[in-house]
Amino acid sequence: MQRELSEQEIVRRDALKKIKDLGINPYPADLFPVDVTAKDIHENYERDKLSYKSICIAGRLMGTRVMGKASFSEIQDSTGRIQVYVNRDEICPGDDKTLYNDVYKKLLDIGDIIGIKGYVFTTQVGEITIHATELVLLTKSLRPIPIVKTDKDGNIHDGFNDPETRYRQRYVDLIVNPHVKDAFIKRTQLTNSMRNYLNNKGYMEVETPILQPIYGGAAARPFKTHHNTLDMPLYLRIANELYLKRLIVGGFDGVYEFAKDFRNEGMSRFHNPEFTQMELYVAYKDYEWMMNLVEEMVEKIAMDIHGKTEVQVGENVINFQRPWKRFTMYGAIEHFAGIDVSEMTEAEMKATAEKLGVEVDETMGRGKLIDEIFGEFCEPKLIQPTFITDYPVEMSPLAKKHREKEGLVERFEAICNGKEICNAFSELNDPIDQRERFEEQIELGKRGDEEAMVLDEDFLRAIEYGMPPTAGLGIGIDRLSMIMTNSNSIQDVLFFPQMRAQKKEKALVLNDDEKAIVAYLKSNKTMEIGAAKDAIQSTTEISNKKWDKGLKTLREMGVISIAKNAEGQAEITLIEA
RNA sequence: GACUUGUUAGCUCAGCUGGUAGAGCACAUCCCUUUUAAGGAUGGGGUCCUGGGUUCGAACCCCAGACAAGUCACCA
């Protein structure tokens with residue numbers, strides 16, 4: 001079914017046809033020998049003018065100012081924008097001025113991708129500009145793009161701001177909003193910096209299954225799918241922890257993976273159903289060692305992206321310079337909520353939580369209660385990067401019991417700007433303890449905790465062979481990207497954030513009137529339109545308006561066709577499915 | 001999932017107390033040989049998110065729904 005075109009789209013399709021009629025291929029196949037970028041010219045032309053006597057550049061046409069026989073256009077390539085000067089008699093040296101008068105002035109539109117050959121000069125007003133000697137259409141654009149204008153003072157006019165359209169059509173967002181592109185460049189700098197750091201330490205980047213028969217390594221609800229040939233359920237991973245640990249068992253001393261994980265849970269400006277974590281496991285290390293690594297690595301990332309350790313995030317300046325503050329979890333609760341929970345039983349804890357106004361329910365164990373109190377009273381106050389250490393054992397079924405403190409595990413999280421950015425343990429490698437912890441999780445699951453972990457027999461078998469003492473880390477790449485790019489929403493650091501499908505179901509569902517029309521036409525495949533209307537209205541209560549509307553809908557859906565017969569009468573034909 | 005706000009031209013947005021749908025940019029035609037949010041003149045362009053209802057009459061009021069954003073809940 002052909003979409004209805006807007007006036008401007010029709011104009012562009014007409015232009016496309018005229019271009020073809022002139023013998024110009026609007027989508028040429030041969031390469032265009034680009035040898036310079038806009039950024040390169042802006043940065044280097046002034047001090048090396050001789051190198052820009054003959055250049056070749058390509059980009060998207062973003063604006064044109066025509067003044068009779070001369071004009072200025074702006075093109076945008078991957079590095080930015082640059083002005084192009086086009087003179088009629090220079091790109092059309094002979095008598096035939098078609099290329100300038102028709103093609104350039106009329107048939108090219110904003111959004112088209114063009115190639116320019118020429119030389120660089122500076123205009124009277126002082127703008128570095130390409131003087132075009134040759135102009136080639138490289139791709140015709142058939143849809144008008146939003147025109148965002150910036151004035152002398154840097155004010156943006158007619159900005160392309162609607163978040164829904166920006167996220168659904170990210171390609172448009174990237175074309176017209178340069179700062180958007182910038183955030184994604186920084187995100188890649190972040191992962192490059194982290195990868196370099198880890199490679200320099202000698203750790204190996206690996207890949208582990210995304211489709212898993214048993215999901216594990218975190219507490220979350222999974223996406224479930226099905227493999228047809230094996231005829232078995234599979235889950236999209238919620239974490240890759242248990243697979244990376246199997247590799248430590250297998251004899252690798254340091255492995256890491258940038259992993260897309262999937263969690264079937266609520267969405268918010270901090271949560272997308274698929275997100276990226278970097279998980280790292282290093283043998284013969286502990287969580288104290290891992291804390292030092294995190295500080296060093298994140299400080300380096302900030303330096304690599306910003307050239308300094310301070311990063312502006314909203315109203316705060318966050319400083320990643322080592323060393324970061326450290327609190328134990330009990331210490332943080334005592335510091336921020338003024339309560340010592342370290343000796344409390346589950347019942348006392350529940351009473352305390354209720355007194356503090358934290359919502360509690362039957363499924364919450366002692367660990368979850370502590371976490372709720374921490375989340376409510378401590379986490380939002382931790383703006384500068386801070387390590388929280390020594391979590392209760394109940395909420396950390398994969399972490400090793402604390403070497404000294406009863407009831408705790410060797411675990412830390414780094415909190416920054418009020419949000420967790422990483423989570424790490426001295427990994428539990430005692431297979432008997434691990435089995436008991438899984439069994440406790442199963443109990444929690446029976447109490448109704450939907451996120452309790454399930455038991456992974458193969459993982460237990462692996463660590464029964466013996467996993468060396470290991471430090472493990474998971475670091476949220478999206479959250480860290482948000483901080484490093486001063487983004488308020490996870491959608492601003494994901495190219496294509498998850499959105500609800502926007503298709504209208506209307507397309508396939510007939511209403512009663514339309515059903516009545518179809519039912520009638522079933523016995524009379526083709527009939528004259530007026531006769532059909534009279535016949536249907538004699539048996540059913542369909543107003544003229546609803547009849548018209550019904551016909552229109554049915555035709556759009558391809559259920560019926562309307563055509564003129566030999567006598568010039570309009571006839572309806574029912575199209576068989 | 002709850003609440004609040006929003007959805008009008010390709011884009012950004014006005015639209016009063018319910019009375020024929022508006023602007024700027026973009027687009028079209030014309031003028032203009034160093035402009036730059038270029039300028040001047042003229043013109044075309046609408047499923048006012050969808051479906052019901054109230055009304056002589058609905059972009060506007062009422063009901064239901066879709067989508068989005070924000071806040072909360074959930075997400076250790």
Out of [options], which has the shortest distance to the side chain of [X]?
X        : options                : value
A:His157 : B:rA37, B:rU34, B:rC30 : B:rA37
A:Gln124 : B:rU34, B:rC74, B:rU36 : B:rU34
A:Glu127 : B:rC67, B:rU36, B:rC13 : B:rU36
A:Arg500 : B:rA66, B:rA37, B:rA28 : B:rA66
A:Ser489 : B:rA73, B:rA26, B:rG70 : B:rG70
A:Thr123 : B:rU36, B:rC30, B:rA69 : B:rU36
A:Arg65  : B:rC13, B:rA28, B:rA38 : B:rA38
A:Pro163 : B:rU29, B:rA69, B:rA37 : B:rA69
A:Asn161 : B:rU34, B:rU12, B:rA26 : B:rU12
A:Asn87  : B:rU33, B:rG44, B:rA69 : B:rU33

[atom1]/[X]: more than 12 non-hydrogen atoms of other groups inside 6.0 Å:
X        : atom1 : result
A:Lys17  : NZ    : no
A:Asp95  : CG    : no
A:Arg326 : CZ    : yes

Give a yes/no on whether any side-chain N or O of [X] is located under 4.0 angstrom from OP1 or OP2 of [N].
X        : N      : result
A:Lys149 : B:rG24 : no
A:Lys106 : B:rC30 : yes
A:Arg269 : B:rU71 : yes
A:Lys152 : B:rA37 : yes

Once you apply a heavy-atom cut-off of 4.0 Å, does [X] come out as touching a base, just sugar-phosphate, or nothing?
X        : answer
A:Glu9   : nothing
A:Val148 : nothing
A:Arg81  : nothing
A:Gln491 : sugar-phosphate
A:Asn155 : nothing
A:Val125 : base
A:Phe121 : base

### Query
Within the side chain of A:Asp478, is there an N or O that forms a donor-acceptor pair under 3.5 Å with the backbone of A:Thr276?
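A pair under 3.5 Å: yes.
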
### Query
So, does A:Thr79 use its side chain to make a donor-acceptor pair with the main chain of A:Lys39 at under 3.5 Å?
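Yes; judged by distance alone, with no hydrogens or angles, the pair exists.
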
Please measure how far the [atom1] atom in [N] lies from the corresponding atom in [M], and state the result in whole Å.
N      : M      : atom1 : result
B:rU47 : B:rA21 : P     : 13 Å
B:rA59 : B:rC49 : P     : 10 Å
B:rG44 : B:rG24 : P     : 14 Å
B:rG1  : B:rC16 : P     : 33 Å
B:rG15 : B:rA23 : C1'   : 10 Å
B:rU20 : B:rG46 : C1'   : 14 Å
B:rG10 : B:rA69 : C1'   : 23 Å
B:rC56 : B:rC72 : C1'   : 46 Å

In whole angstrom, what separates [X]'s [atom1] from [N]'s [atom2]?
X        : N      : atom1 : atom2 : value
A:Ile110 : B:rA37 : CD1   : C1'   : 12 Å
A:Glu7   : B:rU29 : CD    : C1'   : 12 Å
A:Asp151 : B:rU35 : CG    : C1'   : 16 Å
A:Asp153 : B:rA37 : CG    : P     : 9 Å
A:Glu265 : B:rG1  : CD    : P     : 15 Å
A:Arg13  : B:rA28 : CZ    : P     : 15 Å
A:Leu5   : B:rG44 : CG    : P     : 21 Å
A:Asn101 : B:rC31 : CG    : C1'   : 13 Å

### Query
With no angle test and no hydrogens, is the base of B:rU7 tied to the side chain of A:Glu164 by a donor-acceptor pair under 3.5 Å?
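Under the 3.5 Å cut-off, the side chain and the base do not form any donor-acceptor pair.
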
### Query
Do A:Gln8 and B:rG10 have a side chain to base donor-acceptor pair shorter than 3.5 Å?
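By the distance-only test, yes, there is a pair.
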
### Distance in Å, A:His335 NE2 paired with A:Leu382 CG, rounded so as to fall on 0.5 Å steps
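The distance works out to 9.5 Å.
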
### Task
Please tell me which of A:Tyr85 and A:Asn423 maps to the more 5' nucleotide of RNA chain B, matching each residue to the nucleotide holding its nearest heavy atom.
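This one resolves to A:Tyr85.
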
Sort out the partner of [N] for me: Watson-Crick or G-U wobble, both distances under 3.5 Å, none otherwise.
N      : result
B:rU42 : B:rA28
B:rA68 : B:rU5
B:rU33 : none
B:rG22 : B:rC13
B:rC74 : none
B:rU47 : none

### Message
Can you confirm whether A:Pro392 sits close enough to A:Met329 that some side-chain heavy atom of one is under 4.5 Å from a side-chain heavy atom of the other?
### Response
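Yes; the side chains approach each other to less than 4.5 Å.
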
### Message
Check whether A:Phe425 forms a cation-pi arrangement with A:Arg411 (NZ or CZ under 6.0 Å from the six-membered ring centre, at most 45° off the ring normal).
### Response
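That pair does not qualify as a cation-pi contact.
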
### Query
Is the Lys NZ or Arg CZ of A:Lys105 less than 6.0 Å from the centre of A:Tyr100's six-membered ring, within 45° of the axis?
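Verdict for A:Tyr100: no cation-pi partner in A:Lys105.
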
